[in-house]
Protein chains: 2
Amino acid sequence: MAASTLSEVARLAGVSLATASRVLNGSSRKPAEDIAERVRDAADKLGYVPNAQAQALAKSSSGLIGLVVHDIADPYFSAIARGVQEAARQQNRMVLLASTSGTPADEKQAVAAFAARRADSMVIAGSRSVREEDKQGNAELAAELDRYCRNGGQVGVVGHPVVGASAADGYHVVEVPNEELAAGLAGQLAATHDGGFVIIAGPEGLYTSDDRVRGFQQGLADAGRPAAEVIRTGFNRAGGFQAGQALAERIKGSKERLCIFAVNDVMAIGVTAALRPEGVWIPRDATVAGFDDIETLRDFRPALSTVHLPLEDIGRLAAGDPDTPPITGTVKLRRSTEAPVGPQL
Amino acid sequence: MAASTLSEVARLAGVSLATASRVLNGSSRKPAEDIAERVRDAADKLGYVPNAQAQALAKSSSGLIGLVVHDIADPYFSAIARGVQEAARQQNRMVLLASTSGTPADEKQAVAAFAARRADSMVIAGSRSVREEDKQGNAELAAELDRYCRNGGQVGVVGHPVVGASAADGYHVVEVPNEELAAGLAGQLAATHDGGFVIIAGPEGLYTSDDRVRGFQQGLADAGRPAAEVIRTGFNRAGGFQAGQALAERIKGSKERLCIFAVNDVMAIGVTAALRPEGVWIPRDATVAGFDDIETLRDFRPALSTVHLPLEDIGRLAAGDPDTPPITGTVKLRRSTEAPVGPQL
DNA sequence: GATGATTGGGAAAGCGCATTCCCATTGCCA
DNA sequence: TGGCAATGGGAATGCGCTTTCCCAATCATC
């Protein structure tokens, strides 16, 4: 990656390095117009592209913003990524991407890599967990983040604080009201559903999942309903599918119409997919609700009841965009939780 | 973003800068073990994180790989992004992300930004077009890429060469056999479908769309079928939706069972969504096929007939992963194009 | 034991740029 | 017209690191 340098431009234009720098890469001092033009011409002729690395080194600010997600192909994360990307664009910066497989150890590595690149800020979008096996990784991640912040870095975390991270400044959490929203969903579902509830949750210790479970149970309690049974499984489609298979028998063997709350949309889709070949129809034989309101899933039928989350705004906010509206969600009741004889849309 | 520097580490360890560099950041020369340990200890104590910018500057290789997509939240692109990300991970590099809104002018800017950051390579995933309005942008993009390649950059383009780019070396195109696959799809559809065909395409001049249209028509011709009517619309869900609305009347007014080929899955979903409230059922009243086999859409019902594309591999290949299998697609016939009285899955 | 071959640490020269000083001009006012 | 402030270009330094080159110490060889 050799390319022409500023000094080459300067030489061709017959000016000093300093002048060329001032003309080409915005400085407070503006050289005279005729000189400026000569420099610009020279730069053009040579196809000069400033070396951002060198600039970053010289003024110690890289214009980079790091983004850590579990899986960029997951629609939940890619929606957040879009928000981050937009914020970065506005701030005239670039985003560095890191997909970790979701383990804190990988995330720590990503953070270190971002720090090495002297990213001005970073956003961590993976869901936090307190599982025993992640303990060590969490501690290391927290330490790494802490160091990064102490060195002046800005970090935005989506959802829950990184476990064990001390509240340094520069450390910023985008709160997602998972618990209240899940409670709201439970309340609205309870208003029209008489039967029992089942929750399909992620592994215990996953904050996002646990919050939604807790909120949902609270909502049920507030509505005077007994607590729902909780089935723990993977936090993805496969997990939902598996849980759906396990539930199929039970649903077919009883005349009770169960309401199934999967803690995210993708899991809800998995549940539905597992139920379908077993002849369990939604919403006739059971109802299903999810969480997130993933855009790509909106044309799914029966339309999935869920909680809408402004994922893009969440990303934007985590990336430090000041004029993002505060994060709120909305319960969306759709066909998948309607009464058996509802309208046909 | 101040942090401790290598020279601080060297001083604390009582060695020279050179030695510290050699032990900490891999060199061919390995200092003695006792000295190495002293350096590592010092680095640990200071929380030293090497400045990747400075390293890049010194050895003129940034370890960066740029990725240009239209929209990172689009499942097509995010799948490719996942592949790129994995390849990058394997090569021990990081990916720089740029979402352009799809105009060549924006893409050019992204390329320039990557070049400024001295990315070792980059992949361009947006679909190429020859539309008149993009002419100028295309030319500029081509020039920018050309310059980048001349300076030793590697670029991988998905699908079609950038219009006007000279075949410099370092310039690498991942060919996607859109045309053959579309022909194959048409052939297989023609084998079981007696009625007419309609193609819902993107705007004229969009290579990906045009290729698929051409291939499909060819496939029909090979099967002795008359050419399909082509409806041009947006290359996204909204476009498909609009086309679907336009088609609804016609389908309802005739007893012919139309086979609709939308040039990508997302458009096919849009078509289906528009048809549904009009009472047009798939596959009873018409059949629908798409292209891409987007993962998130696989649970959609009726299951969408489509052409499977190994998007992740495509990304990996474009990112220069040598042991990616060659790109081939597969026609997937599913429920959406079955005979009216097919099995119920 | 003297000599050449090796090993391994250190000094220093950049990598490409921003920026602080410094100095030669120019313009202005008295 | 002399003196001063203001203007604007240039030389030089440093950002944090890699890498070449140099040199002292050790080793093997005859």
Side-chain angles (χ1 to χ4, degrees), chain A residues 1-40 42-43 46-64 113 115-120 151-152, chain B residues 1-40 42-43 46-64 113 115-120 151-152:
Chain A
M1 278 305 317
S4 52
T5 73
L6 225 206
S7 70
E8 287 172 27
V9 174
R11 186 161 0 112
L12 180 60
V15 301
S16 79
L17 210 59
T19 306
S21 170
R22 293 199 260 253
V23 170
L24 293 177
N25 313 334
S27 147
S28 49
R29 280 180 60 176
K30 296 275 164 221
E33 190 45 46
D34 55 334
I35 280 207
E37 188 142 347
R38 234 168 54 218
V39 172
R40 275 192 290 266
L46 290 175
Y48 170 71
V49 177
N51 185 327
Q53 313 268 7
Q55 291 187 192
L57 187 56
K59 53 181 169 188
S60 58
S61 147
S62 61
L64 252 27
R117 292 235 139 72
R118 298 299 186 266
D120 297 332
N151 286 336
Chain B
M1 276 304 318
S4 52
T5 73
L6 187 59
S7 70
E8 286 171 27
V9 174
R11 187 161 0 111
L12 180 60
V15 301
S16 78
L17 211 57
T19 306
S21 170
R22 292 198 261 254
V23 21
L24 292 178
N25 313 334
S27 148
S28 50
R29 280 182 58 176
K30 296 274 164 221
E33 190 45 46
D34 55 334
I35 281 205
E37 188 142 348
R38 234 167 55 218
V39 172
R40 275 193 290 268
L46 290 175
Y48 170 70
V49 178
N51 185 326
Q53 313 268 8
Q55 291 185 248
L57 186 57
K59 52 182 170 187
S60 58
S61 148
S62 61
L64 251 27
R117 295 231 135 75
R118 296 301 186 265
D120 297 331
N151 287 335

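Below, read A as the first sequence line, B as the second, and so on, with proteins coming before strands; counting in each chain starts at 1.
- The side chain of A/Gln55 places an N or O atom within less than 4.0 Å of a non-bridging phosphate oxygen (OP1 or OP2) of C/dA18.
- Here the closest non-hydrogen pair linking A/Val9 and A/Leu24 is CG1-CD1, 4.1 Å.
- Spacing between atom CZ of B/Arg11 and atom C1' of C/dG10 amounts to 16 Å, rounded to whole angstrom units.
- Mapping B/Asp34 and A/Leu57 onto DNA chain C via the closest heavy atom, the residue that lands nearer the 5' end is B/Asp34.
- Going from atom CG of A/Leu17 over to atom P of C/dC17 covers 8 Å, rounded to whole Å.
- At whole-Å resolution of the value, CG in B/Asn51 and P in D/dG14 are 18 Å apart.
- A/Ser21 comes within 4.0 angstrom of a base, heavy atoms only.
- Residues B/Arg118 and B/Leu64 have side chains not in contact (no heavy-atom distance under 4.5 Å, counting atoms from C-beta outward).
- Proximity note for B/Arg22 (side chain, C-beta onward) versus C/dG9, D/dG9, C/dG16: the nearest is C/dG9.
- Not one N or O on the side chain of B/Arg117 forms a donor-acceptor pair closer than 3.5 Å with the backbone of A/Ala52.
- Side chain of A/Ile35, nearest nucleotide from D/dG9, C/dG10, C/dG16: D/dG9.
- Taking atom CD of A/Gln53 as the reference point, atom P of C/dC15 lies 16 Å away to the nearest angstrom.
- OP1 and OP2 of D/dG9 both lie 4.0 Å or more from every side-chain N or O belonging to A/Thr19.
- Per the geometry, CG belonging to A/Asn151 stands 16 Å off P belonging to D/dC15, to the nearest Å.
- Going from atom CG of B/Leu24 over to atom P of C/dG9 covers 13 Å, rounded to whole Å.
- Across C/dT19, D/dA11, C/dG9, the shortest atom-to-atom separation from the side chain of A/Ser16 is found for D/dA11.
- Atom CZ in B/Arg118 sits roughly 13 Å away from atom P in C/dC15 (whole-Å rounding).
- Among the nucleotides D/dG9, C/dC17, C/dA11, the one closest to any side-chain atom of A/Leu6 is C/dC17.
- Closest approach to the B/Ala58 side chain among C/dA11, C/dG14, C/dG16 is made by C/dG14 (side chain taken as heavy atoms from C-beta onward).
- Here the nucleotide nearest the side chain of B/Val15, chosen from C/dC17, D/dG16, C/dG10, is C/dG10.
- The one candidate from A/Leu46, A/Val49, A/Leu12 that meets the side chain to side chain contact (heavy atoms under 4.5 Å, CB included) condition with A/Ser4 is A/Leu46.
- Inter-residue side-chain proximity for B/Asn51 and B/Thr5 is flagged as unmet; no heavy-atom pair is nearer than 4.5 Å.
- With rounding to whole Å, A/Arg117 atom CZ is found 15 Å from D/dG16 atom C1'.
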